[in-house]
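Reading through the structure tokens given below for one structure.
Computed over heavy atoms, backbone and side chain alike; hydrogens, waters and symmetry mates excluded. Lettering of chains follows the sequences in order, A, B, ..., and the numbering in each one begins at 1.
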Number of protein chains: 2
Amino acid sequence: MDTEWLDETQLDAWVKLVAVVELLPGALDHQLRRDSGLTHFEYFVLAMLSEASDRTLRMTALAQRTNATLPRLSHVVRRLEERGLVERRPCPEDGRATNALLTDAGWAEVVAAAPGHVATVRRHVIDALTPAQVGQLAEIAEALLERLDPDGHMRRR
Amino acid sequence: MDTEWLDETQLDAWVKLVAVVELLPGALDHQLRRDSGLTHFEYFVLAMLSEASDRTLRMTALAQRTNATLPRLSHVVRRLEERGLVERRPCPEDGRATNALLTDAGWAEVVAAAPGHVATVRRHVIDALTPAQVGQLAEIAEALLERLDPDGHMRRR
DNA sequence: GCGCGTTAGTTGACGGAACAACCAACCTCC
DNA sequence: GGAGGTTGGTTGTTCCGTCAACTAACGCGC
């Protein structure tokens with residue numbers, strides 16, 4: 001194993017990034033659970049559906065957009081269905097496939113949860129940075145995603 | 001709820017940051033599990049102990065350095081102890097406290113895991129960025145941590 | 001020296017996530 | 001037109017994290 005160590009600056013950046021990556025999901029989850037009874041991941045799933053045409057997506061497509069494995073998504077969608085936020089129906093064109101579609105109740109849930117979520121994002125991230133830094137962050141994250149997610153599943157426009 | 005929405009640039013940065021935060025832990029966990037049978041968090045715990053004087057830390061101190069709740073740490077340390085990587089012994093000065101100490105086997109485990117881990121960090125993060133971006137990343141992460149971790153538990157030097 | 005509140009840590013129950021095994025429908029190629 | 005392989009999803013197990021409840025020890029005030 002070719003062990004090139006990290007220099008002072010790199011180590012500093014890395015340690016801080018790890019801390020952020022460790023803390024941020026918890027902060028998001030906490031607020032959403034408290035105010036809306038949703039996991040951040042569940043919210044994300046609902047949000048992706050809400051943006052899709054007919055509020056419908058195939059499970060596979062939804063899994064890619066949310067970076068979930070299919071088993072994980074399957075479980076989550078089942079729970080969301082039990083809560084009446086999502087409906088599952090077989091895909092007419094492909095007998096193997098399942099379409100997940102956002103119900104009216106699910107739509108309402110997203111709409112209700114969004115403001116609080118956005119406020120949290122502002123408070124924890126956006127407002128902590130200068131406008132210039134927001135731009136830098138986008139570029140940095142983009143560069144990282146080219147390594148972490150080469151196929152670009154999570155950055156479809 | 002005061003709903004100031006995000007503009008184009010902010011949204012872009014946010015979406016990408018979320019993707020990174022979602023993907024990075026998985027990438028780290030995957031490599032460490034595969035090559036060393038350790039969670040990233042377990043590795044981090046062992047690493048913190050390896051840097052401490054006498055390879056020993058009080059549970060509370062260790063929890064702060066790793067941003068873990070005490071229950072979480074307690075479970076993890078128990079598992080590590082069962083694997084012989086860590087030892088727990090009552091603190092002489094304070095009857096309530098427990099000291100976690102890294103065994104020789106634990107030390108060997110960290111030493112063995114470190115090169116592969118560093119290589120992963122390089123590959124996924126550091127090498128994807130220009131030197132300037134590494135500096136920017138440190139500043140950005142620092143700014144976020146002031147919101148996410150006001151008491152600075154995770155950024156003791 | 002004895003209550004009372006606080007601090008340190010453990011334990012148990014429960015929910016979510018990864019992984020592997022599995023089933024069913026599609027495809028294609030002979 | 002059927003066999004072999006691939007793709008799309010679900011189910012079950014196991015493990016980890018969180019939360020709440022609990023125990024034990026400290027320390028202050030009297």
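- In this structure, Arg96(A) atom CZ and dG5(D) atom P are separated by 17 Å, rounded to whole Å.
- Between Phe44(A) and Val18(B) there is a side-chain heavy-atom pair separated by less than 4.5 Å.
- Here dA17(C) presents its P atom at 14 Å from CG of Asp29(B), a figure rounded to the nearest Å.
- Phe41(B) carries Arg72(B) over the face of its six-membered ring, with the cationic atom under 6.0 Å from the centre and within 45° of the normal.
- Between the CD atom of Gln64(A) and the C1' atom of dG9(D) there is a distance of 14 Å, rounded to whole Å.
- In this structure, Asn99(A) atom CG and dG8(D) atom P are separated by 13 Å, rounded to whole Å.
- The interatomic distance linking Glu81(A) (CD) with dG9(D) (C1') rounds to 13 Å, in whole Å.
- His30(B) places its NE2 atom 15 Å from the C1' atom of dA17(C), with the value rounded to the nearest Å.
- A donor-acceptor contact shorter than 3.5 Å links the side chain of Thr130(B) to the backbone of Gln133(B).
- Remark: P of dC15(D) and CG of Leu38(B) are 16 Å apart, rounded to the nearest angstrom.
- Both Val76(A) and Gly95(A) lie close to DNA chain C; mapped to their nearest nucleotides by heavy-atom distance, the more 5′-ward contact belongs to Val76(A).
- For the pair Gln31(A) CD and dT18(D) C1', the computed distance is 18 Å after rounding to whole Å.
- Judged by distance alone, the side chain of Thr60(A) and the main-chain N or O of Arg58(A) form no donor-acceptor pair under 3.5 Å.
- Within the cation-pi definition used here (under 6.0 Å to the ring centroid, within 45° of the axis), Arg33(B) does not qualify as a partner of Tyr43(B).
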Output a table of nitrogen or oxygen pairs between the protein and nucleotides 10-16 of chain C separated by less than 3.5 Å.
residue	atom	partner	partner atom	Å
dT10(C)	OP1	Arg88(B)	NH1	2.6
dT10(C)	OP2	Ser74(B)	OG	2.9
dT10(C)	O5'	Ser74(B)	OG	3.4
dG12(C)	O6	His75(B)	NE2	3.0

task = Would you sort out whether Thr103(B) and Glu87(B) count as a side chain to side chain donor-acceptor pair (under 3.5 Å), showing the intermediate values?
result = CA-CA 6 Å; Thr103(B) 64; Glu87(B) 216 171 301; over 6 Å; no
